There are 2 protein chains.
Amino acid sequence: MKITDRKSEIIVTAAKLFKKRGYNAVSMRDIAQELGIKAASLYNHIKSKQEILSDIVLNVAESFTNHMEQIYPQSINSIQKLEAIIQNHIDITVQKTDFLACMNNDWMHLDEENLATYLKLRNAYEASFRKILQEGIAKNELENQNSEIVIFSILTTLRALYLWYSKKSSVEVEVLKKDLPKTLLHGIVKN
Amino acid sequence: MKITDRKSEIIVTAAKLFKKRGYNAVSMRDIAQELGIKAASLYNHIKSKQEILSDIVLNVAESFTNHMEQIYPQSINSIQKLEAIIQNHIDITVQKTDFLACMNNDWMHLDEENLATYLKLRNAYEASFRKILQEGIAKNELENQNSEIVIFSILTTLRALYLWYSKKSSVEVEVLKKDLPKTLLHGIVKN
DNA sequence: GTCTATAACGCGATAGAC
DNA sequence: GTCTATCGCGTTATAGAC
């Protein structure tokens with residue numbers, strides 16, 4: 001996250017606090033204090049606390065959507081697409097850890113309009129993921145397992161990567177990039 | 001969740017609301033209204049809002065611990081132990097959906113003392129899980145993959161099952177019990 | 001066991017001085 | 001752009017009547 005102006009600075013700071021304690025447990029006074037100013041001063045840069053949340057959540061959601069729109073139409077097989085998606089989740093986890101955590105934990109606190117936008121993006125993402133799986137099954141590249149269970153299982157793990165990443169050093173990210181696709185796609189039991 | 005007295009009734013009702021909106025977004029007035037009484041009346045049965053949260057979280061955490069202590073020492077192989085653990089997560093998801101969601105989402109809002117208790121239970125659970133994996137690798141039953149990644153991946157999926165369960169009918173739980181162990185343990189790619 | 005009334009406090013947000 | 005002061009409201013929790 002490059003910080004270009006005061007508004008970005010506020011949003012990045014808020015995301016860090018939201019990740020740690022959750023949207024509702026963080027006050028405007030907390031965010032201001034972290035920046036060394038008073039809560040009232042925040043309102044020269046942002047409209048409301050809700051605006052901070054929606055900026056954070058929709059920023060990450062659009063990152064995922066953009067990548068999926070780029071990968072989905074490519075002429076590579078389903079396994080290569082799934083590997084590219086896993087890589088992208090790892091990349092976003094590393095680059096936007098706090099934003100991602102905030103999206104995962106606090107999306108339900110968006111106001112009506114932004115909630116609808118977020119859910120539309122998320123549903124479209126899952127629909128593309130589902131099609132990739134079904135394409136892989138049709139072409140005999142993947143086992144014919146219950147698609148909903150596979151989507152749930154893989155996406156849940158990928159979405160929660162930030163929990164794991166927070167605890168590990170950046171060196172181990174290379175291990176993650178190498179081993180996670182194996183674990184998710186090939187399982188852990190010996191043949 | 002069998003409701004035996006007024007206190008249980010309050011806790012079950014609170015868990016349902018906490019699951020939907022999160023601990024901090026639910027007020028004592030909300031809980032009371034759901035029960036058809038006034039907020040002040042709740043305090044005849046419970047000490048504080050914190051007490052409701054810790055009762056919920058520690059109840060589920062202890063369920064997991066008890067099952068692990070029962071499975072861990074058994075004379076069955078590592079794959080059978082992992083299958084038993086997966087079954088147990090599905091069972092608790094079905095039997096205590098709201099409590100489980102609350103534990104997953106709101107454990108960080110526990111007060112200092114209960115937080116320490118919860119973390120101790122969770123760490124012990126993960127340690128047992130880790131030992132089962134390592135035992136399986138040593139006996140050549142499991143692939144020699146990075147244990148931390150496997151623990152993270154499987155436990156994250158199992159902990160989030162309540163999200164999936166809420167959307168599906170109870171008939172599909174049978175599908176889940178049959179297919180989830182396959183997906184988690186054997187992967188999705190054709191050999 | 002539930003009620004009304006209220007204490008004590010923190011919240012998001014605004015007005016207006018500098 | 002940041003400040004002080006403040007509004008109006010919601011929060012957990014308690015006191016005391018019934």
Side-chain angles (χ1 to χ4, degrees), chain A residues 2-58 98 102 105-115, chain B residues 2-58 98 102 105-115:
Chain A
K2 192 104 111 290
I3 298 171
T4 52
D5 57 5
R6 204 76 220 253
K7 179 166 175 177
S8 304
E9 204 180 354
I10 291 169
I11 291 171
V12 167
T13 301
K16 193 179 72 181
L17 296 175
F18 292 165
K19 182 197 171 205
K20 210 183 301 180
R21 310 208 297 271
Y23 177 74
N24 277 308
V26 174
S27 71
M28 296 301 278
R29 287 166 175 84
D30 293 331
I31 299 168
Q33 191 174 42
E34 190 81 5
L35 288 161
I37 59 176
K38 296 289 172 186
S41 307
L42 294 171
Y43 290 89
N44 273 292
H45 308 282
I46 52 104
K47 208 175 101 308
S48 66
K49 194 185 176 190
Q50 262 294 321
E51 193 200 17
I52 300 178
L53 182 63
S54 58
D55 277 11
I56 293 170
V57 173
L58 296 181
D98 298 340
C102 183
N105 298 326
D106 290 319
W107 63 266
M108 73 280 279
H109 299 119
L110 288 168
D111 62 26
E112 204 173 357
E113 188 193 327
N114 290 306
L115 182 62
Chain B
K2 191 102 110 291
I3 299 173
T4 50
D5 57 3
R6 205 76 221 254
K7 180 167 175 178
S8 305
E9 203 180 356
I10 290 169
I11 290 171
V12 167
T13 301
K16 194 178 72 180
L17 295 176
F18 292 165
K19 182 196 169 204
K20 209 183 301 180
R21 308 208 298 272
Y23 176 74
N24 277 308
V26 174
S27 69
M28 296 301 276
R29 287 175 176 88
D30 293 332
I31 299 167
Q33 190 175 42
E34 191 81 4
L35 288 162
I37 60 176
K38 297 289 171 185
S41 306
L42 294 171
Y43 290 87
N44 273 292
H45 309 281
I46 50 108
K47 207 175 100 314
S48 66
K49 196 185 173 190
Q50 262 295 322
E51 192 198 18
I52 299 178
L53 182 64
S54 59
D55 277 10
I56 292 170
V57 173
L58 296 182
D98 299 340
C102 185
N105 299 326
D106 291 316
W107 61 268
M108 73 281 279
H109 299 120
L110 288 168
D111 63 26
E112 207 173 355
E113 187 192 326
N114 291 305
L115 182 62

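Just so we're clear, the structure is a prediction, and the values are computed from it rather than from any experiment. First the proteins, then the strands, lettered A, B, ... as listed; each starts at 1.
B:I10 places its CD1 atom 11 Å from the C1' atom of C:dG1, with the value rounded to the nearest Å. Distance, B:H45 NE2 to C:dC3 C1': 12 Å, rounded to whole Å. Separating the CD atom of A:E9 from the C1' atom of D:dG1 is a distance of 13 Å, rounded to the nearest angstrom. Between A:I52 atom CD1 and C:dA13 atom C1' the separation is 12 Å, expressed in whole Å.
For B:D98, there are no salt bridge (charged side-chain N to carboxylate O under 4.0 Å, His left out) partners two or more places apart in sequence or in a different chain. Listed by chain and residue number, B:R6, B:E9, B:I10, B:T13, B:I31, B:I37, B:L42 satisfy the side chain to side chain contact (heavy atoms under 4.5 Å, CB included) test with B:L35 (two or more places apart in sequence, or in another chain). Listed by chain and number, the residues in a salt bridge (charged side-chain N to carboxylate O under 4.0 Å, His left out) with B:K38 amount to none (sequence neighbours excluded). Residues passing the salt bridge (charged side-chain N to carboxylate O under 4.0 Å, His left out) test with A:D55, sequence neighbours excluded: A:K7. For B:N24, the side chain to side chain contact (heavy atoms under 4.5 Å, CB included) test picks out A:N24, A:A25, B:H109, with sequence neighbours left out. Not counting sequence neighbours, B:K49 has no partner by the side chain to side chain donor-acceptor pair (under 3.5 Å) test.
Residue pairs meeting the ring-ring contact (aromatic ring centres under 6.0 Å, His included) criterion with at least one member in residues 6-57 of chain A, sequence neighbours excluded, are A:F18-A:Y23. Among residue pairs with one or both ends in residues 25-34 of chain B, those qualifying as salt bridge (Lys or Arg N to Asp or Glu O under 4.0 Å) are B:K16-B:E34, B:R21-B:D30; sequence neighbours excluded.
Contacts with DNA chain C (heavy atom under 4.0 Å) in residues 13-21 of chain A: none are found. Contacts between residues 31-42 of chain A and DNA chain C, defined by a heavy-atom separation under 4.0 Å, are made by A:A40.
For the residue pair B:C102 and B:L53, the shortest heavy atom distance occurs at SG-CD1, 3.8 Å.
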Distances under 3.5 Å only, N/O to N/O: pair up the protein atoms with those of nucleotides 8-12 of chain C.
from	atom 1	to	atom 2	distance (Å)
C:dG12	OP1	A:K49	NZ	3.0
C:dG12	OP2	A:M28	N	2.8
C:dG12	N7	A:R29	NH1	3.1
C:dG12	O6	A:R29	NH2	3.4

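The CD1 atom of B:I46 lies 11.0 Å from the OG atom of B:S41; values are rounded to the nearest 0.5 Å.
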